[in-house]
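First up is the structure itself, then whatever we jot down about it.
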Amino acid sequence: MKLKTVLLSLLAATGIACAGNESVCDYTPGKFFYNSMIPGDDIPEFKKQLFEKFGTSFAAEVGIGFWAIDNQAVGYNSDNYIAKFWSHIDQRLIKDDEHGGTWLRADFMGSWGLDDETANVDSFFDGGFGSATWHNTDLFGPRDFYLLNLTLKQYFDNKRGCFSGGIIWMSQYFDRIGHARFANDAFEKSPVLPLVWQAPGAVIQYEFNEDNYGTLAFIGTGVPGGQNPYNFENTIGYAIVGEWGHEFANDKGIWRVAPFFTCEEAAHHSGRNMDRNAYGIMTGVEYQLNDIAKVYGRLACASSNYIRCRQEAMVGTTLRIVPSRPNDYLGVGFGIYKGNDETRKLENSYEKVLEFTYNVQLGKNFTIAPYYQVYFTPAYRDVSTVSATGIQAHYSF
């Protein structure tokens, strides 16, 4: 109860809380946060199964993917096979039907190379990456099985708000989610927004009303790949990220605005450490035109050249072109990304990415998705184009 009182006081101070516990809402609270226990459940091919017993929810997904990568480096091509696994569990610790209760959230993820080449390299797509593929991309090869996210979630104010603290998987709260899919992260997560896989932090979310919500996160950054994120000494900086979301057109569209600030300590050529600060903003719109087409777009920019991708602009659509198969869709996306050259050679300033994919649902829990991606003038490589052709298979339960 003390935690709820403190949180409501903070929200009231910023003018976004209801007028106390007796406030009357003209909608069902919890639509943005409480009723979406599994992030990414809006993705058509992701079918969740929840098992409610003793306050426990569970879901998992397995993915297998194949890539044929052309022109990865000058005169070099490769074929790669990889498997991914993701699972999550929500365990209710304290039951509170009015406010939503207290939950423990855990996510597990792992990926494995299925051939010798893929299994023995950290970045099998290294020859072609640029601005768009730098952050958290699935094309960077296998990762060992690990505990990705472990947070305590406290709901309050009749499920309109949620406070989370612990080891945070930031992609749960900003931008879209990949899970065990092998999608091009250029069209999943903004390479400008400083999201991290896992680090100590805290997030507060609140529904202002039926159409608006806000999110504010404080997260550690700079945990080197492969190191233990539960050792807080590994973090070398922090990021503050906010988001305001607004649904419009009878919930057919949503507009998001996400400002951020990040500060990291890094070595300087003078031999002493220096703080590298950056601030920026990302904004994106998604809109369901009709039963067939959904369109989306995103813009983002950052102030500092030390961020690998300083600017981005992308657009895309998903089309359900077979009326009798509403869960199948064609996806098309195109993005332009401006790289920076503070720490390494920049061959091309602007990188362009084009992607086509078609998701086919076979049964309730199984999907396959062939796709084609092409990178024009990768920002940090001297090749003119890099392409990736492949097929994915997913089973969700």
Side-chain angles (χ1 to χ4, degrees), residues 40 43 45-46 59-88 106-149 169 171 176-189 191 195-198 223-229 308 353 355-357 359 365-375 378 380-381 383 385-397:
I43 300 172
E45 72 271 27
F46 183 70
E61 185 175 17
V62 178
I64 297 177
F66 163 74
W67 289 267
I69 303 174
D70 295 325
N71 206 27
Q72 178 174 352
V74 176
Y76 179 73
N77 302 326
S78 66
D79 296 337
N80 299 101
Y81 303 81
I82 193 170
K84 293 183 69 178
F85 173 78
W86 166 85
S87 67
H88 107 100
D107 291 90
F108 302 87
M109 178 175 283
S111 57
W112 301 269
L114 301 180
D115 60 281
D116 291 339
E117 177 186 3
T118 308
N120 293 327
V121 297
D122 294 329
S123 301
F124 61 80
F125 197 50
D126 183 71
F129 74 76
S131 301
T133 56
W134 176 248
H135 289 265
N136 301 334
T137 179
D138 291 327
L139 289 179
F140 267 6
R143 293 180 287 266
D144 291 334
F145 184 79
Y146 55 91
L147 178 61
L148 179 66
N149 175 81
W169 181 19
S171 296
R176 297 179 62 187
I177 311 300
H179 289 327
R181 301 181 306 133
F182 296 93
N184 175 10
D185 277 336
F187 305 107
E188 292 293 320
K189 308 177 184 73
L195 301 180
V196 294
W197 272 103
Q198 50 183 168
V223 179
Q227 293 196 16
N228 179 12
R308 186 180 183 87
V353 184
E355 178 183 58
F356 298 91
T357 184
N359 285 356
N365 304 96
F366 182 66
T367 62
I368 61 172
Y371 68 95
Y372 175 73
Q373 303 166 356
V374 58
Y375 297 78
Y380 298 90
R381 286 295 181 266
V383 295
T385 61
V386 177
S387 64
T389 305
I391 189 167
Q392 315 164 22
H394 307 272
Y395 182 76
S396 304
F397 56 94

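Nothing here was measured: the structure is a model prediction, and the numbers come from that model. Quick note: numbers below take in every heavy atom, side chains included, and nothing from hydrogens, waters or symmetry partners.
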I'd like to check the side-chain contact (heavy atoms from CB on, under 4.5 Å) partners of [X]; sequence neighbours left out, ordered by chain and number.
X      : value
Leu114 : Ile64, Tyr81, Ala83
Phe356 : Val332, Leu354, Tyr372
Ala68  : Phe66, Asp79

Indicate yes or no: at least one non-hydrogen side-chain atom of Asp107 is less than 4.5 angstrom from one of Trp86.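 Yes, close enough: below the 4.5 Å cut-off.
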If you look at every heavy atom in Ala369 and Thr357, which pair is closest and at what distance?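 Answer, listing the atom of Ala369 first, then Thr357: CB-OG1, 4.1 Å.
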Please name the pair of heavy atoms, one in Val386 and one in Pro378, separated by the smallest distance, quoted to 0.1 Å.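 Heavy-atom minimum between the residues: CG2-CG, 3.9 Å.
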[X] side, atom [atom1]; [Y] side, atom [atom2] - distance, nearest 0.5 Å:
X      : Y      : atom1 : atom2 : value
His394 : Asn365 : NE2   : CG    : 13.5 Å
Phe108 : Phe85  : CZ    : CZ    : 9.0 Å
Met109 : His88  : CE    : NE2   : 12.5 Å

Taking only residues two or more places apart in sequence or in another chain, which ones pass ring-ring contact (aromatic ring centres under 6.0 Å, His included) with Tyr395?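 Listed in chain order: Phe397.
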For Ile82, does its backbone N or O pair with a side-chain atom of Ser111 as donor and acceptor, under 3.5 Å?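 Not confirmed, Ser111 side chain does not pair with Ile82 backbone.
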